[in-house]
Amino acid sequence: MVGALETGGAWLMDFRRVPHWLIVGATRTGKSTLIARMITELAPQPVAIVGIDCKGGMELGLFEQRLSALATCRSQAVAVLDALVVDVQDRMRICRAAGARSIWELREKERPVPVVVVVDEMAELYLTNGTREQRAEAEKCSTYLLRLAQLGAALGVHLVVAGQRVGSDLGPGVTALRAQLSGRICHRVNDPGTAEMTLGDLNKDAVAVAQSIGEAEQGVAVTTGDTGGWMRGRSHLTTPAEAQVTAAEYAGLAFRLAGVARALQDLDGGEGA
Ligand SMILES: Nc1ncnc2c1ncn2[C@@H]1O[C@H](COP(=O)(O)OP(=O)(O)OP(=O)(O)O)[C@@H](O)[C@H]1O
Ligand SMILES: [Mg+2]
């Protein structure tokens with residue numbers, strides 16, 4: 001439960017029903033606050049959480065103790081996403097060998113831990129200054145995220161991607177990724193087009209509701225339900241101090257993802273050499 005709906009109900013993000021999520025909003029509208037709330041709720045559960053926060057780890061760094069990995073720059077993000085793609089392919093092999101269509105059909109003993117990959121500010125992954133190296137990195141991020149979105153749903157690898165915009169100015173891969181992120185959450189946005197891009201393909205009415213969120217309504221967002229409707233709600237505020245306490249309390253659940261840990265280590269070694 002990440003907040004309260006204006007219908008009086010609980011605002012849920014249920015990964016079993018909706019595997020991947022897109023969170024959009026202008027600056028200071030509540031994206032990171034919502035993510036903090038979501039991680040706070042996930043922290044006591046048996047899930048691995050991987051953070052990709054290329055604004056220097058300012059937001060997700062608060063939860064570092066509970067994270068299986070934290071990437072704070074694009075080269076780390078590339079390494080982590082690459083390792084996750086390998087992990088997803090391993091999961092696929094395990095499932096195929098067992099005749100299972102998803103990790104949930106595996107016996108508990110063989111079942112790999114579910115992973116939630118959180119990307120705070122996707123533009124940091126996609127936007128480049130135009131050098132070839134940066135463009136190549138951005139393309140890799142785009143390819144890997146799309147791969148994870150396509151394969152991950154049944155294999156227990158979930159994406160939560162936040163950004164200020166989701167337009168094709170971020171690159172050609174963004175539209176394809178957005179199509180895979182079927183859970184949508186739209187905070188106040190700066191231009192009507194962004195609300196349209198975030199919600200328009202799922203629910204036209206939701207677009208107008210998102211466009212009417214006021215400047216003062218930080219934390220308020222419109223979310224699409226799994227039944228095709230929309231709901232307006234407000235996230236519960238999680239303070240940085242609360243985030244750190246939660247992360248410390250559940251640090252023991254920071255599942256080790258061997259491939260991801262190794263990829264980050266190799267990168268460290270590579271840079272030091
Ligand atoms: N649910 C909420 N209830 C009360 N206040 C909130 C809520 N969500 C956000 N705020 C307020 O808005 C501020 C900005 O929110 P947040 O940092 O989550 O925005 P953001 O969308 O991540 O912005 P940016 O794009 O700049 O990273 C918070 O510091 C908090 O004061
Ligand atoms: Mg933020």
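Whatever order the structure lists them in is the order used to number ligands and atoms, beginning at 1. We're numbering straight along the sequence, starting at 1.
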Spacing of CG belonging to Leu127 relative to CZ belonging to Arg165, to within rounding of 0.5 Å: 6.5 Å

Atom pair CE/CG of Met13 and Leu42 - distance to nearest 0.5 Å: 8.0 Å

Side-chain heavy atoms of Val160 within contact of Val119, under 4.5 Å: no

Would you list the atom pairs, donor with acceptor, under 3.5 Å between side chains in residues 138-152 and any protein atom, with sequence neighbours excluded?
| residue | atom | partner | partner atom | Å |
| --- | --- | --- | --- | --- |
| Thr143 | OG1 | Glu139 | O | 2.8 |
| Arg147 | NH1 | Gln150 | OE1 | 3.4 |

Main-chain N/O of Glu59 paired with Asp53 side-chain donor or acceptor, under 3.5 Å: yes

Trp104 six-ring centre to Arg16 NZ/CZ under 6.0 Å and within 45° of normal: yes

Those protein residues which place at least one heavy atom below 4.0 Å from ligand 1: Ala26, Thr27, Arg28, Thr29, Gly30, Lys31, Ser32, Thr33, Lys55, Gln164, Gln218, Gly219, Arg234, Ser235, Leu237

His20 and His158 aromatic ring geometry - parallel, tilted or perpendicular at 30°/60° bounds: tilted

Arg91: salt bridge (Lys or Arg N to Asp or Glu O under 4.0 Å) partners, not counting sequence neighbours: Asp87

Atoms of protein origin (N, O or S) under 2.8 Å from the Mg ion (ligand 2): Ser32 OG

Validation row: Arg66, Thr246 side chains within 4.5 angstrom (heavy atoms): no

